[in-house]
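Below is one structure, written out as structure tokens, with a few remarks after it.
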Amino acid sequence: MKRRPAWWGLAILGATFAQSAPASATGMRTCEARITTGDGAALTPEADGLVHVTEDTTIDVVFACTDHISAFPSTSQTALVPPTLTLETVTACRAPDGTTATQTKALDPLVPADASAAAFREPNAKPYRFTGRLPAGRHDLRAAGSALQLAVLVEGAAPPMPPCPPPPPIDPALVIQPPDARVPQAAAPETPRSHAHEDWEDRRGWVWEAAAGAWVGATDGRRVGVAGVAAFGLHRMVRYSRGRHHEKSDDLFPSSDATRWCASFACLGLGLLFMPAGVFAGNEIGVDARFVAHPDLARGSLKPVLRFSSGRLRTTSFIGALLPELGVQSRSAVGTDAAISWSVFPIDVRIASGLALALDPLRAGVLVHLDRRGVDGDLGGELTLRFAP
């Protein structure tokens, strides 16, 4: 077997690996807080999850937030200070249509607090304090840009629900006026929504697809040349829900679709923490029946499909890159072999509604000779046109 295809494959591996750099940049904000009365008595949530105080109670909230930025190979952390650091209160208000809505207001002033005022896990945290009284009713206190939230119920005679503040005024310079405002303008006819699946994820539930094309490479130690390929697949589109405190909820580890470009190599291991569920396990799952025909050989195999389908691109998932394709190959005057192969980095591009161009640049595997002749190699590449409605 000649070495040229192997060097071509290594070049593709290097180009794919080089594109994994953006996935190594991550960021996370951590916030900590403690709430006490004005005289220093600690306040803790009761059975209903709320901190109960009276309207004549002065509360003291001491909190701190720190941003952690990691851009391989360097890391940094920044303790937030006003105005980036804010404490907001979310309360109920009455919308113009009479329904209940919420309004957000920043609590001021925030003053620096002694680091000994609360036990913070961050060694260089810069705590700030809000001291004051809140009107009767429920207040959800939160640090902007974080998941930190304290629910406080101020007991007392609650005032009538205030109206929600009006939306900010619109700059007239940004409003496009018709040529003659006195002439009523006819509503433009609604453009019917196309039912074409322009992107891979436009499809729902169970889907099918068919493909035809060519494979070129070497197998059983000999060059084959160009062989015809046909495939038929049955797949299911999967949508993953993210729990609030799941590692893929973006609260603990922010996920990035850019990890699709290094999924075959687990993004150096650490990148697994930042893979969305679709890149890790695939959001298109199924199986393809694949057939290769040539005057000198015939092969039939089943190929598991765990791919990440997003936009016009469909790439392999991490688990999909690990699972092998299993089949049987027969060559004239040679015998029958069990074929095991992997696709290192297949990529499919939708070029029109329902049509896609599929490139499998490096398919590598082994042949186990059933007549006990031993084991041989299998290497090649594939280009097909797929119909995937």
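Here the structure is a predicted model, which means the values were calculated and not measured.
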Self-check item: Hydrophobic cluster identity match, V344 and I340, side-chain contacts under 4.5 Å
Solution: no

Exercise. Without swapping roles, check the side chain of E201 against the backbone of G311 for a donor-acceptor pair under 3.5 Å.
Key: yes

Quiz item: So among L306, I285, V279, which one has a side chain to side chain contact (heavy atoms under 4.5 Å, CB included) with S317?
Solution: L306

Quiz item: Tell me, do T58 and T37 make a side-chain contact under 4.5 Å, heavy atoms counted?
Solution: no

Exercise. Run through R314, R236, R239 and flag the one making a salt bridge (charged side-chain N to carboxylate O under 4.0 Å, His left out) with E284.
Key: R314

Quiz item: Checking side-chain contact (heavy atoms from CB on, under 4.5 Å) for the pair K105/E88: CA distance, chi angles, key distance, verdict?
Solution: CA-CA 5 Å; K105 180 181 177 182; E88 302 172 340; over 6 Å; no

Practice problem: Output, in order, the C-alpha distance, side-chain angles, deciding distance and verdict of side-chain contact (heavy atoms from CB on, under 4.5 Å) for L362 and F345. | Solution: CA-CA 7 Å; L362 184 61; F345 198 85; over 6 Å; no

Quiz item: Do W215 side-chain atoms and V229 backbone N/O form a donor-acceptor pair below 3.5 Å?
Solution: no

Self-check item: Salt bridge present between R142 and D140 (N-O < 4.0 angstrom)
Solution: no

Quiz prompt | SB check E209 R203 (cutoff 4.0 Å) | solution = yes

Self-check item: Whether W208 side chain and H235 backbone form a donor-acceptor pair below 3.5 Å
Solution: no

Quiz item: For the hydrophobic clusters of this structure (ILVMFWY residues joined by side-chain heavy atoms under 4.5 Å, transitively), does one cluster hold both V328 and V366?
Solution: no

Quiz item: Between V152 and V53, does a side-chain contact (heavy atoms from CB on, under 4.5 Å) hold up when you go through it step by step?
Solution: CA-CA 7 Å; V152 179; V53 297; 4.0 Å; yes

Quiz item: Where the side chain of D337 meets the backbone of A339, is there a donor-acceptor pair that is under 3.5 Å apart?
Solution: no

Quiz item: Are the side chain of D288 and the backbone N or O of A231 linked by a donor-acceptor pair below 3.5 Å?
Solution: no

Quiz item: With a 4.5 Å heavy-atom cut-off, do L326 and P324 have their side chains touching?
Solution: yes

Practice problem: Decide yes or no on side-chain hydrogen bond (donor to acceptor under 3.5 Å, both in side chains) for T89 and H139, but give the supporting numbers first. | Solution: CA-CA 6 Å; T89 175; H139 301 263; 3.3 Å; yes

Self-check item: Check ion pair D360-R290 (N to O, under 4.0 angstrom)
Solution: no

Self-check item: Where A42 and T36 come nearest, the two heavy atoms and their spacing
Solution: CA-CG2, 4.0 Å

Exercise. Supply the atom-to-atom distance L357 CG to R312 CZ, rounded to the nearest 0.5 angstrom.
Key: 13.0 Å

Practice problem: Verify the cluster assignment for F232 and V287: are they in a single hydrophobic cluster under the rule of side-chain heavy atoms below 4.5 Å apart? | Solution: no

Quiz item: Any donor-acceptor pair under 3.5 Å linking the side chain of R94 with the backbone of M161?
Solution: yes

Exercise. First locate atom CZ of F130, then atom CG of L107, and finally report the distance between them rounded to the nearest 0.5 Å.
Key: 4.5 Å

Quiz item: Is there side-chain contact between P162 and Q103, with at least one heavy-atom pair below 4.5 Å?
Solution: yes

Practice problem: Please answer whether the main-chain N or O of A388 pairs with a side-chain N or O of R350 as donor and acceptor at a distance below 3.5 Å. | Solution: yes

Quiz item: Below 4.5 Å, heavy atoms only, C-beta onward: do V111 and Y128 meet side chain to side chain?
Solution: no

Practice problem: Compute both the distance and the angle, then confirm whether R363 meets the cation-pi test with W342: under 6.0 Å from the six-membered ring centre, within 45 degrees of the axis. | Solution: no

Practice problem: I would like to know whether R299 and D378 meet salt bridge (charged side-chain N to carboxylate O under 4.0 Å, His left out); could you show each step before the answer? | Solution: CA-CA 12 Å; R299 177 187 292 187; D378 185 68; 3.0 Å; yes

Quiz item: Between T100 and A92, what is the shortest heavy-atom contact and its length?
Solution: CG2-CB, 4.1 Å

Quiz item: Any side-chain heavy-atom pair from T102 and T104 closer than 4.5 angstrom?
Solution: no

Exercise. Taking all non-hydrogen atoms of both residues into account, name the closest pair between V154 and P135 and its distance.
Key: CB-O, 3.4 Å

Quiz item: If you measure from OG on S343 to CG on L323, what distance do you get to the nearest 0.5 Å?
Solution: 11.5 Å

Exercise. Output, in order, the C-alpha distance, side-chain angles, deciding distance and verdict of side-chain contact (heavy atoms from CB on, under 4.5 Å) for V51 and L153.
Key: CA-CA 6 Å; V51 174; L153 180 62; over 6 Å; no

Quiz item: If you round to the nearest 0.5 Å, how far is NE2 of H369 from OG1 of T336?
Solution: 11.5 Å

Quiz prompt | Under 3.5 Å donor-acceptor, R260 side chain and F308 backbone | solution = yes

Practice problem: Please tell me if the side chains of M275 and C267 come closer than 4.5 Å, counting only heavy atoms from C-beta onward. | Solution: yes

Practice problem: Test side-chain hydrogen bond (donor to acceptor under 3.5 Å, both in side chains) on T57 and T54 and set out the steps. | Solution: CA-CA 5 Å; T57 301; T54 60; 2.7 Å; yes

Quiz prompt | Spacing of L50 atom CG and L43 atom CG [to the nearest 0.5 Å] | solution = 12.5 Å

Exercise. State, yes or no, whether a side-chain contact exists between P346 and L359 at a heavy-atom distance under 4.5 Å.
Key: no

Quiz item: Of the non-hydrogen atoms in S309 and N283, which two are nearest, and what is the gap between them?
Solution: N-OD1, 2.8 Å

Quiz item: Counting only N and O atoms by type, is there a donor-acceptor contact under 3.5 Å from the side chain of T384 to the main-chain atoms of R386?
Solution: no

Quiz prompt | Nearest non-hydrogen partners of T316 and A321, listed with the distance | solution = OG1-N, 3.4 Å

Practice problem: Answer yes if V62 and I59 sit in the same cluster of Ile, Leu, Val, Met, Phe, Trp and Tyr residues linked by side chain heavy atoms under 4.5 Å apart, and no otherwise. | Solution: no

Exercise. Taking R129 for its side chain and P127 for its backbone only, find out whether a donor-acceptor pair lies under 3.5 Å.
Key: no

Quiz item: Can you find a heavy atom in the side chain of Q329 that is under 4.5 Å from one in the side chain of L367?
Solution: yes

Exercise. Dump the intermediate steps for salt bridge (charged side-chain N to carboxylate O under 4.0 Å, His left out) on D60 and R34, then the final yes or no.
Key: CA-CA 8 Å; D60 187 57; R34 187 190 71 174; 5.3 Å; no

Quiz item: Mind checking whether L385 and F387 sit in one hydrophobic cluster, side chains of I, L, V, M, F, W, Y counted as touching below 4.5 Å?
Solution: yes

Quiz item: Looking only at heavy atoms, which two atoms of P276 and D257 are closest? And how far apart?
Solution: CG-OD1, 3.3 Å

Self-check item: Spacing of OG1 belonging to T219 relative to CG belonging to L379, to within rounding of 0.5 Å
Solution: 9.5 Å

